[in-house]
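Some notes on the structure that comes next.
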Amino acid sequence: MNYSEFLSKIRRRMETRYPEAAVSIRPVLKNNDTRLDGLLILQPGENIAPTIYLNSYYARYQEGASPEVLIDEIGALYEKHRSPSLFDLSLLRDFDRIRDRISFRLISRSSNPELLSDIPFLPFLDLAIVFFFTLEDEVIGSSTVLIHNSHVNLWGITKETLFSLARTNTRSLSGCEIIPMENLLFTENEKEAFSSSDTAKIFILSNRPRIFGAACLLYEDVLSSFADTLRDDFYVLPSSIHEVLLLPVKTSPSPRSLLDMVREINQNDVAPEDVLSNHIYLYRSAERRLGIVLLTGYYETKHCPAG
């Protein structure tokens, strides 16, 4: 059974289970041009439904899992997350009810041309600052919603307004912290790249929930304070969209070694939708600037805009 046949089988079985529901499978564009197929089951009297991504289920089928077992799991997941009550859609239209929930995160510019054509963003080095808001609701629980151009058109605002709000909200809602890597676990590639004595010189920058924490790179005062504590410049390695690694220059391997490590980890250890960048960065304390390290010996710089 090929992938298309698998999707058709899932849709037919769900239509049989829920004969009064509207059952559909829709393509969903995620970060880094990752494309997933989402199952939607919308019952009469409901105006919102959970999206169940089917790609991983097909991978399990290819590994030998029974289609019937997978169909039962999908059905159970739907029942767990369905929202039989009506969701208040007016919340999405009322900007005053959204403004304090708007945050930003960082994604790759080069890996997201199609996505960025449909969402407001601001460039930052080779990255893009994009915006989302968090919903807390009795019907749907907690979820995040990426802000699209249709949202800003509906609200009558600009991306500069989004940034101004997110600059305050993101830090207030999620915080920001730097933790020595020796306090946390390593991936196998990181173990090979650094000896145990080196790990005391590596730090992790992220937010409290460890979700979209690479956005902490936008806080100039955090980076400058860390540089002052080190009394050194430092490299920034984009571990994922959720966190970055900070390494003092004086005790770091060569830029080429760091670049090779980042690219190997991105290829082997990071989910495609979580990759941030294949570049490394350098923060120069004297200039209070973060820049992309170019192996030609120069680097493009950018002031960190969030303060």
Side-chain angles (χ1 to χ4, degrees), residues 3-4 6-7 10-11 23-42 48-62 70 73-74 77-78 80-83 92 98 101-135 140-152 159 162 166 170 174 206-207 209-215 217-218 238-244 262-263 265-279:
Y3 183 57
S4 178
F6 178 81
L7 294 182
I10 297 296
R11 181 176 53 78
V23 180
S24 61
I25 297 176
R26 302 178 183 178
V28 179
L29 179 63
K30 307 287 279 187
N31 188 40
N32 292 334
D33 202 28
T34 302
R35 298 171 187 271
L36 301 177
D37 292 293
L39 172 70
L40 294 173
I41 304 172
L42 191 63
I48 192 168
T51 301
I52 301 173
Y53 297 112
L54 300 177
N55 307 68
S56 62
Y57 289 98
Y58 184 67
R60 288 175 57 194
Y61 164 73
Q62 290 182 305
L70 297 176
E73 288 184 14
I74 292 168
L77 185 63
Y78 163 71
K80 179 180 179 180
H81 293 285
R82 66 175 292 196
S83 304
L92 304 180
I98 295 292
R101 309 180 189 200
I102 292 172
S103 299
F104 52 45
R105 62 187 177 101
L106 289 172
I107 64 173
S108 167
R109 284 217 315 272
S110 62
S111 299
N112 288 284
E114 184 176 348
L115 180 62
L116 291 175
S117 70
D118 193 42
I119 63 175
F121 74 94
L122 294 172
F124 178 72
L125 297 173
D126 62 324
L127 308 174
I129 305 170
V130 301
F131 307 94
F132 66 95
F133 59 91
T134 303
L135 288 179
I140 64 173
S142 179
S143 62
T144 60
V145 180
L146 184 65
I147 294 177
H148 286 253
N149 292 334
S150 58
H151 290 108
V152 296
K159 59 188 177 183
L162 287 175
T170 308
S174 300
S206 188
N207 54 22
R210 297 289 189 272
I211 299 174
F212 307 146
L217 280 178
L218 298 173
S239 181
S240 74
I241 61 173
H242 304 299
E243 65 181 29
V244 298
V262 165
R263 292 178 176 177
I265 290 174
N266 282 343
Q267 182 174 355
N268 299 322
D269 296 330
V270 182
E273 63 270 23
D274 288 342
V275 171
L276 180 59
S277 173
N278 280 320
H279 291 109

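Reckoned from all heavy atoms, side chains included, excluding hydrogens, waters and symmetry mates. Note that the numbering runs from 1 along the sequence shown for the chain. Small disclaimer: the values here were computed from a predicted structure and weren't measured.
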For V130 and I147, run side-chain contact (heavy atoms from CB on, under 4.5 Å): C-alpha distance rounded to whole Å, both residues' side-chain angles, the deciding distance at 0.1 Å, then the answer. CA-CA 8 Å; V130 301; I147 294 177; over 6 Å; no

Stepwise, does the side-chain contact (heavy atoms from CB on, under 4.5 Å) test hold for L54 with I74? CA-CA 9 Å; L54 300 177; I74 292 168; 3.8 Å; yes

When you look at H242 and R105, which way does the side-chain contact (heavy atoms from CB on, under 4.5 Å) test go after all the steps? CA-CA 9 Å; H242 304 299; R105 62 187 177 101; over 6 Å; no

How far apart are the C-alpha atoms of L115 and L146, what are their side-chain angles, what is the distance that settles it, and do they pass the side-chain contact (heavy atoms from CB on, under 4.5 Å) test? CA-CA 11 Å; L115 180 62; L146 184 65; 4.0 Å; yes

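Distance CG/L116 to OG/S108: 8.5 Å, rounded to 0.5 Å. To the nearest 0.5 Å, the span separating CD on Q62 from CZ on F6 amounts to 9.0 Å. For the atom pair CG of D118 and OG of S150, the computed distance is 6.5 Å after rounding to the nearest 0.5 Å. To the nearest 0.5 angstrom, L276 atom CG is 5.0 Å from L127 atom CG. To the nearest 0.5 angstrom, H81 atom NE2 is 8.0 Å from I52 atom CD1. Y61 OH to S56 OG: the interatomic distance, rounded to the nearest 0.5 Å, is 15.5 Å.
Side-chain contact between L42 and I48: absent, with no pair of heavy atoms (C-beta onward) separated by less than 4.5 Å. Side-chain contact between L29 and E114 is present, with at least one heavy-atom pair separated by less than 4.5 Å. Looking at L218 and I129, their side chains come closer than 4.5 Å, going by heavy atoms from C-beta outward. Within the 4.5 Å cutoff, the side chain of S239 has no heavy atoms near those of the I265 side chain. The shortest distance between side-chain heavy atoms of P120 and N149 falls below 4.5 Å. In this structure, V275 and I241 have side chains that are not in contact, with every pair of non-hydrogen atoms separated by 4.5 Å or more. In this structure, P123 and R109 have side chains that are in contact, with non-hydrogen atoms separated by less than 4.5 Å. Under the 4.5 Å side-chain criterion, counting only non-hydrogen atoms from C-beta, T51 is not in contact with L39.
Each of F131, F104, F121 was checked for a side chain to side chain contact (heavy atoms under 4.5 Å, CB included) with L162, and the lone residue meeting it is F131.
H151 and H148 have tilted rings, their planes meeting at an angle from 30° to 60° on a 0 to 90° scale.
Between the side chains of D33 and N112, no donor N or O sits under 3.5 Å from an acceptor N or O. Under the 3.5 Å distance criterion, with hydrogens and angles disregarded, a donor-acceptor pair is assigned to the side chains of D37 and Y3.
Minimum heavy-atom separation, V28 to G38: CG2-N, 4.5 Å. Between S174 and P209, the shortest heavy-atom contact is O-CD, 3.4 Å. Taking each heavy atom of S111 and P113 in turn, the nearest pair found is C-CD, 3.4 Å. The minimum heavy-atom distance linking S240 with A214 is given by the pair O-CB, 3.6 Å.
With hydrogens and angles disregarded, no donor-acceptor distance shorter than 3.5 Å links the side chain of R101 to the backbone of F133. Judged by distance alone, the side chain of N266 and the main-chain N or O of S277 form a donor-acceptor pair under 3.5 Å. A distance-only check finds a donor-acceptor pair linking the side chain of N32 to the backbone of P272 [under 3.5 Å]. Between the side chain of T34 and the main chain of N31, a donor-acceptor pair closer than 3.5 Å is present. R82 contributes no side-chain N or O that, together with a main-chain N or O of L77, makes up a donor-acceptor pair within less than 3.5 Å. Counting only distance, with no hydrogens or angles, the side chain of N207 and the backbone of I211 share a donor-acceptor pair below 3.5 Å.
Other residues, nucleotides and ligands contribute only 12 or fewer heavy atoms inside 6.0 Å of the CD atom of Q267.
A salt bridge is absent between E273 and R35: the closest approach of a Lys/Arg side-chain nitrogen to an acidic carboxylate oxygen does not fall below 4.0 angstrom.
Here F132 and F212 bring their ring centres to under 6.0 angstrom of each other.
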